[in-house]
Structures are given as structure tokens and as C-alpha cells.
2 protein chains.
Amino acid sequence: MKTIEIEDDLYLYIAGQTQHIGESASDILRRLLDAQSQLNASSELNDARVGSQALPSVPAEPVMGEDVEADKVISSIQHVEFDFSGIAEAGSSTKRFLALLSQLYCLDRSRFAKACVIKGSKREYFSQAKETLLASGKTSKPQAIPASPYWVITNTNTARKRYILQHVASEMGLQAIQIERVCEAL
Amino acid sequence: MKTIEIEDDLYLYIAGQTQHIGESASDILRRLLDAQSQLNASSELNDARVGSQALPSVPAEPVMGEDVEADKVISSIQHVEFDFSGIAEAGSSTKRFLALLSQLYCLDRSRFAKACVIKGSKREYFSQAKETLLASGKTSKPQAIPASPYWVITNTNTARKRYILQHVASEMGLQAIQIERVCEAL
DNA sequence: GAGCGGATCGAGGGGATGCTTC
DNA sequence: ACGAAGCATCCCCTCGATCCGC
């Protein structure tokens, strides 16, 4: 949750758009902004979804050429089930770490690419080139993420692995509950 | 002013829509919501649901010019793009401090050069040579300003960082509202 | 560079607070 | 002597990678 300040009249306007009791500011804004991007996306009429349906997320990234695309991808992400079965089996948290990252990558390559831009104070955490990781730290112990072109740093305690996972999942736009599950699976 | 809470991804999305230096959340939201109502208004098949309440208009920017010269300079600065999106994300106020200074530098190099002539009672605050700063104090912890040839002192509390920023922005000719926003971004 | 996992501890940075100076 | 302004000490927290256990 973030806190933002807005002017009173704008606040009143937004509050005036409430459709259900208990709707949060986020809900209302999503609806309003979503209505906009729908209108931008096509001139066709589409009010079939008004009211009943759960609203898809607003894209988390600033507009690219592929607005509508991104929207679809996100809503699909939100409903995909992770395959946790094999993961719990893996003997070490490092193994589970790699497996979970692999699933995130498979979920959506392009979102993963944006989400994995994360580094510590000195080390690079992700890269497609093993050497980049080796170069950024002394003994980062990079390992390949299965079924992907990426490498990750591995020489961290479990808490940090969890943090990295959390960051990527969150940056990819997963829902809080899912992020929690992913982190717990580590 | 009212304070509202919104979810992180929505926040990021909104922040990503920043177009000008000094834009507040209100400004951005007004633009986004306005774009929507424009589309609705121009449509023959206007949907009563959305149009039920008038969108408050964006207040005109108060460009109080006594001096035409100054006006021109200011307006050129005031329309340059300022990217606040990445800044809020930076983990420490020192990081944000450096990022903000970097943007000010990029905004106008020569104005920045004039504006950064500021010092404390003992310490030099800005310099193009790290050594100058080191020489002027005991532990000033100089750091390079990204994308610029300058260094700044870093070992100060946040209030002083804000003061320095304020001074530079003001000396560069930004408007009061914008200076305020820059300082708030710290 | 090859054994691997990862907890633990130390280095280093951030910046509030207290001390000094005017 | 008292207050304001500014410096830098020092504590805390984050992050790296050593080193031990398996």
C-alpha cells in the first residue's frame, strides 16, 4: 500500500464514483482508469462487462505499444496455478529457489525480464550471462534457472532468497496471496 | 488536500504516467481521468454511468510573470520532462538525493553550474573534484552525481539534504510549487 | 573454479543525534 | 549565557562472502 495526496475536489470526484459500499480507492481508480484504456484501445462499444465482472488490473508498467496485450497477460497470470508438487520435494532451498524462478519465467517471459532487474549493494542478482554475475561479486555462485536463459546468484542465506523471489513475483504483478504462497514454498 | 491509500502496482502505474517536472498525483490523475471523459463526451453513445458527475477542471498554472525574460527561462525549464517514477523506488534518501540532483543537472547544465555554488560554514557542498570536498571537511562522504561531472556531500541529515536540493532548484529558477515537489520526492 | 548449501559474522553505508562553533 | 547553524560521530541496518557442516 502506498499513500498519495490529492486535492479535495478530485477526492470528492473519485469518492462520487463509488459503486459499492466498501469499495476501496484502488477499486474505484482501477475501474475509472480501466474504462479509459478500454476506450483508448478500441472505438467499439463494450459495456457488457459493466458492474458484475471483476476488473482486470491496470498494467503496472508505463505504456508500451502493447497495452491490451499486457492486460491480457496479467489477468492470465492472476489465474494460473503454480505447480508446487515437485518443488516441496527438492531437498534444498537453493533447488526450490531455482525451480520457483523457473516457473515464474515460464509464466511470462517478458514480465520476468522486467522484474528481474534487481541488485544488491554490490552484486548483480540476475543475468543472462554467467560472467556478469561472476564479475559483480566475489563468490556469488551463479546457477542457471532451468528452462530459461537466465542465471541467478545463489550464495545468499534463505531469507535473501525469499526476498528476491518476493521482489520478482511482486514486480511481475502477481497477487499478494500468490506471492505469499510462492515465498512459503521456498 | 486529502490522503488516500492505493495498492502498490496502481501507484507504480500512476507514477509511470508522469509527464512533467513537478507533477503531483492530482495532476496526473486529472490528466488520465480527463482523457477518459473527453472520449466519453465525444462519443454519441455517451454512457450515463461515467458521465454522471463533472470532472473538475485542471487549475491553470499560475505563471505570474513580472519579468518576460525570467518567464521564458522558467517556462522552458518547466516543460522539460522530469522522471519521478524511479526515484520513489530508491531505497534511501541519499540515493534519491543523488537521483534528483542528477535530473536537475540534466535539466540545464549551465543553470545547475551556477546554482550549485553553495557551502556550509566549513564544508564545500558541490565540486567536480572529489578531493575538494574531502579537503573541506572531515567525513563529508562525497558521492558522484549520476550522469554528471559533479560530486556532492552526503554525510548530512535528511533535512539538510532537502535544504541543499531546495537551494539548487530555487537557484535554477524552478517555480515554488515545483521546488516543493522535488523536495517532497526526497 | 568446481562439492554444495547457507548461517553467521564482519564490512560498509545511511543518516539521526549530539556536540561544537559562532 | 543562550540560541541557531552546521559538522561528523556513532549506532543501526543492509548486504556480501567466508567458512563450517554435511
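Everything quoted here is computed from the prediction, not taken from an experiment. These numbers come from the heavy atoms of this one structure, side chains and all, not from hydrogens, waters or symmetry mates. Protein chains get the first letters and strands the later ones, always in sequence-line order, with residue 1 at the start of each.
- Ion pairing between a basic and an acidic side chain is recognised when a charged N comes within 4.0 Å of a carboxylate O; B/D108 and B/K114 show no such pairing.
- No side-chain heavy atom of A/L32 sits under 4.5 Å from any side-chain heavy atom of B/L29.
- Heavy-atom neighbours of B/K119 NZ from other residues, nucleotides or ligands within 6.0 Å: above the threshold of 12.
- A search for ring pair (Phe, Tyr, Trp, His ring centres under 6.0 Å) contacts involving B/Y125 returns nothing, not counting sequence neighbours.
- In this structure, the side chains of A/T158 and A/R162 come closer than 4.5 Å at one or more pairs of heavy atoms.
- In this structure, the ring of B/F112 has its center less than 6.0 angstrom from the ring center of B/Y105.
- Of the residues in residues 133-158 of chain A, those placing a heavy atom less than 4.0 Å from an atom of DNA chain D are A/G137, A/K138, A/T139, A/K141, A/N155, in numerical order.
- Scanning DNA chain C 5' to 3' for nucleotides with an atom closer than 4.0 angstrom to a non-hydrogen atom of chain A gives a first and last hit of C/dG1 to C/dT8.
- Counting 5' to 3', DNA chain D first comes under 4.0 angstrom of a heavy atom of chain A and last does so at the ends given by D/dC15 to D/dC19.
- The CH2 atom of B/W151 lies 8.5 Å from the CG atom of B/L134; values are rounded to the nearest 0.5 Å.
- At the heavy-atom level, A/Y125 lies under 4.0 Å from the strands shown only through sugar-phosphate atoms.
- For B/S170, there are no side-chain hydrogen bond (donor to acceptor under 3.5 Å, both in side chains) partners two or more places apart in sequence or in a different chain.
- Across all strands, A/K130 comes closer than 4.0 Å to base atoms (heavy-atom distances).
- Remark: side-chain polar atoms of A/S102 are paired, donor with acceptor, to backbone N or O of A/P146 under 3.5 angstrom.
- The side-chain hydrogen bond (donor to acceptor under 3.5 Å, both in side chains) check on B/T139 picks up nothing, with sequence neighbours excluded.
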